Q: 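I have a structure I would like to understand better, so I am pasting it below and will then ask my questions one at a time.
Treat the numbers as computed from the prediction; the structure is a model and nothing was measured. Reckoned from all heavy atoms, side chains included, excluding hydrogens, waters and symmetry mates.
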Amino acid sequence: MGIPANASATLILLRHGLTAVTGSVLAGRSPGIDLDERGRRQAEETARRLSGLHLDAIVTSPLERCRQTAAPLAAALGLEPVVDERFSECDYGTWTGRTLEELKDEPEWPVVQQQPSAAHFPGGESLAQVSARVVGAVRDWNARLAAASDTGHPRYLVCAHGDVIKAAAADALGMHLDLFQRIQVDPCSVTALRYTRTRPFLLRLNDVGATAEGLAPPPEEGAQQSAGDAVVGGGAGGGRR
């Protein structure tokens, strides 16, 4: 079941806030990775920013950092977040918990950077599998909420992870997965997509607010991007530290 004619579904994708290891360690699905003080502040700021929206649902990855990021907004709107495993972080397998600096020496690193559609993390998922499960989940939520909506134009928020959001954005833009490393998704950034019966529309991408914050990457990420590499896992962003 898809979106009916003359209906739409607006998806707001929110990346989780900062943790103590964001941008330096590939946390993946490691349990017990909580927001740090900066991340909690980001989550509160995001709740204030988005609290004027009417949302039909708030959905979150099962990982702590996403549930903690969504909690202030859910409380402000009086909604109970729904956990959906399909929006969980990529299973990075044996890469999980290792520093990004040491991972650059892995033979799979150039594949992740240059041909993500062929990348399969040792003992974990492929990025193609991540894309398939995320896109399937989005289409499922679009159809369900559109069918249940009184207006025919539901809006919902999903709090998830950098690579998950990049996969959804790439699909909406009709981009091959091999191009998805060109998309940047900072902590607590908003990416908004509107789905119609015929096509999706990109409304916002990596939006962190009405300031210039984040336009210049921090030194460590600037150096990595100067070498042409994307920050696997999403990075720590350029602002609100």
Side-chain angles (χ1 to χ4, degrees), residues 14-43 61 63-66 68-69 87-131 134 159-167 169-170 177-189 191 205-206 208 213-241:
L14 173 65
R15 187 182 168 203
H16 64 79
L18 286 163
T19 74
V21 300
T22 304
S24 59
V25 173
L26 198 59
R29 296 183 178 180
S30 300
I33 305 294
D34 297 320
L35 297 182
D36 62 14
E37 182 180 351
R38 302 166 303 165
R40 292 190 294 272
R41 184 169 63 248
Q42 288 177 327
S61 155
L63 295 173
E64 292 94 337
R65 55 194 184 272
C66 288
Q68 291 165 2
T69 300
F87 292 113
S88 190
E89 178 64 288
C90 175
D91 182 353
Y92 294 113
T94 60
W95 283 27
T96 302
R98 297 176 62 189
T99 68
L100 295 178
E101 191 60 35
E102 66 176 299
L103 288 172
K104 291 179 185 178
D105 296 327
E106 290 291 331
E108 189 75 10
W109 181 267
V111 182
V112 173
Q113 294 295 326
Q114 299 165 22
Q115 195 183 3
S117 65
H120 194 294
F121 295 98
E125 281 185 296
S126 69
L127 286 171
Q129 288 173 319
V130 174
S131 177
V134 170
C159 188
H161 309 269
D163 283 346
V164 167
I165 295 172
K166 286 163 63 174
L177 190 61
D178 285 344
L179 302 179
F180 103 136
Q181 297 291 27
R182 301 184 183 194
I183 299 172
Q184 181 155 323
V185 177
D186 290 333
C188 263
S189 65
T191 293
L205 179 65
N206 196 35
V208 294
E213 216 167 17
L215 293 181
E220 66 276 11
E221 288 183 18
Q224 185 168 336
Q225 289 182 342
S226 295
D229 285 350
V231 183
V232 178
R240 294 188 293 174
R241 291 175 170 258

Q: Looking only at non-hydrogen atoms, find the nearest pair between Ile183 and Ala169 and report the distance.
A: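 Of all heavy-atom pairs spanning Ile183 and Ala169, the closest is CD1-CB, 4.1 Å.
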
Q: Supply the atom-to-atom distance Leu63 CG to Phe87 CZ, rounded to the nearest 0.5 angstrom.
A: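 Interatomic distance, Leu63 CG to Phe87 CZ, rounded to 0.5 Å: 13.5 Å.
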
Q: If only atom types and distance count, is the side chain of Ser30 paired as donor or acceptor with the main-chain N or O of Gly97 below 3.5 Å?
A: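 Flag not set: sc Ser30 to bb Gly97 has no pair under 3.5 Å.
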
Q: Which heavy atom of Trp95 sits nearest a heavy atom of Val112, and at what distance?
A: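 In this case the closest contact between Trp95 and Val112 is CH2-CG2, 4.1 Å.
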
Q: Could you tell me whether the side chain of Glu89 and the main chain of Gly28 form a donor-acceptor pair under 3.5 Å?
A: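 Not a single qualifying donor-acceptor pair exists.
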
Q: Quick check: does any side chain N or O of Ser131 sit under 3.5 Å from a backbone N or O of Ala128, one acting as donor and the other as acceptor?
A: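 No; zero donor-acceptor contacts below 3.5 Å.
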
Q: With rounding to the nearest 0.5 Å, note down the distance linking CG in Leu127 to OG in Ser117.
A: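 With rounding to 0.5 Å, CG (Leu127) is 9.0 Å from OG (Ser117).
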
Q: Say you draw a straight line from CG of Leu14 to SG of Cys66; how long is it, rounded to the nearest 0.5 Å?
A: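 The distance works out to 8.0 Å.
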
Q: Would you say Val185 and His161 make side-chain contact, with heavy atoms under 4.5 Å?
A: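 No, side chains not in contact.
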
Q: Is the backbone of Gly32 close enough, under 3.5 Å, to the side chain of Glu64 for a donor and an acceptor to pair up by distance?
A: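 Between the backbone of Gly32 and the side chain of Glu64 there is a qualifying donor-acceptor contact (under 3.5 Å).
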
Q: On a heavy-atom basis, which atom in Glu125 and which in Cys90 lie closest, and how many Å separate them?
A: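 Closest approach of Glu125 to Cys90, heavy atoms only: OE1-CA, 3.5 Å.
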
Q: Do Gln42 and Thr69 make a side-chain contact, defined as non-hydrogen atoms from C-beta onward lying under 4.5 Å apart?
A: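 No, every pair of side-chain atoms sits at 4.5 Å or beyond.
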
Q: Is the backbone of Val111 close enough, under 3.5 Å, to the side chain of Gln114 for a donor and an acceptor to pair up by distance?
A: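 Answer holds: no.
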
Q: Do Lys166 and Gln181 have a side chain donor and acceptor closer than 3.5 Å?
A: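 A pair is found: one side chain offers a donor N or O, the other an acceptor, under 3.5 Å apart.
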
Q: First locate atom CG of Leu205, then atom CD1 of Ile165, and finally report the distance between them rounded to the nearest 0.5 Å.
A: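 Spacing of CG (Leu205) from CD1 (Ile165) equals 10.0 Å.
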
Q: Considering only heavy atoms from C-beta outward, does the side chain of Tyr92 approach that of Asp163 to under 4.5 Å?
A: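 Heavy-atom side-chain distance check passes, below 4.5 Å.
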
Q: Between Asp91 and Phe121, is there a side-chain heavy-atom distance shorter than 4.5 Å?
A: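 Counting from C-beta outward, Phe121 and Asp91 never come under 4.5 Å.
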
Q: Can you tell if the side chain of Gln68 reaches within under 4.5 Å of the side chain of His16, non-hydrogen atoms only?
A: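 Answer no - side chains too far apart.
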
Q: Run the numbers on Val21 and Ile33 for side-chain contact (heavy atoms from CB on, under 4.5 Å), then give the verdict.
A: CA-CA 8 Å; Val21 300; Ile33 305 294; 4.2 Å; yes

Q: Quick one: closest heavy-atom pair of Pro187 and Val208, and the distance?
A: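 Scanning both residues completely, I find the closest heavy atoms to be O-CG1, 4.4 Å.
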
Q: Of the options Glu106, Glu101, Glu102, which is the one that meets Lys104 in a side-chain contact (heavy atoms from CB on, under 4.5 Å)?
A: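 Only match with Lys104 under side-chain contact (heavy atoms from CB on, under 4.5 Å): Glu101.
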
Q: Show the nearest heavy-atom pair for residues Ser88 and Ser61, with the distance to one decimal.
A: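 For Ser88 and Ser61, the tightest heavy-atom pair comes out as CA-OG, 3.6 Å.
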
Q: If you round to the nearest 0.5 Å, how far is CG of Leu18 from CZ of Arg41?
A: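 These two atoms lie 9.0 Å from each other.
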
Q: Asp36 and Thr19: side-chain donor and acceptor closer than 3.5 Å?
A: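 Side-chain D/A pair, Asp36 to Thr19: absent.
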
Q: Counting C-beta onward and ignoring hydrogens, is there a side-chain heavy-atom pair between Leu26 and Thr96 closer than 4.5 Å?
A: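 The answer is no; the side chains never approach within 4.5 Å.
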
Q: If you take all heavy atoms of Ala43 and Cys188, which pair is closest and at what distance?
A: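 Smallest interatomic distance, heavy atoms only, reads N-SG, 4.0 Å.
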
Q: If I take atom CZ from residue Arg98 and atom CG from residue Asp105, how far apart are they, to the nearest 0.5 angstrom?
A: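 Spacing of CZ (Arg98) from CG (Asp105) equals 9.0 Å.
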
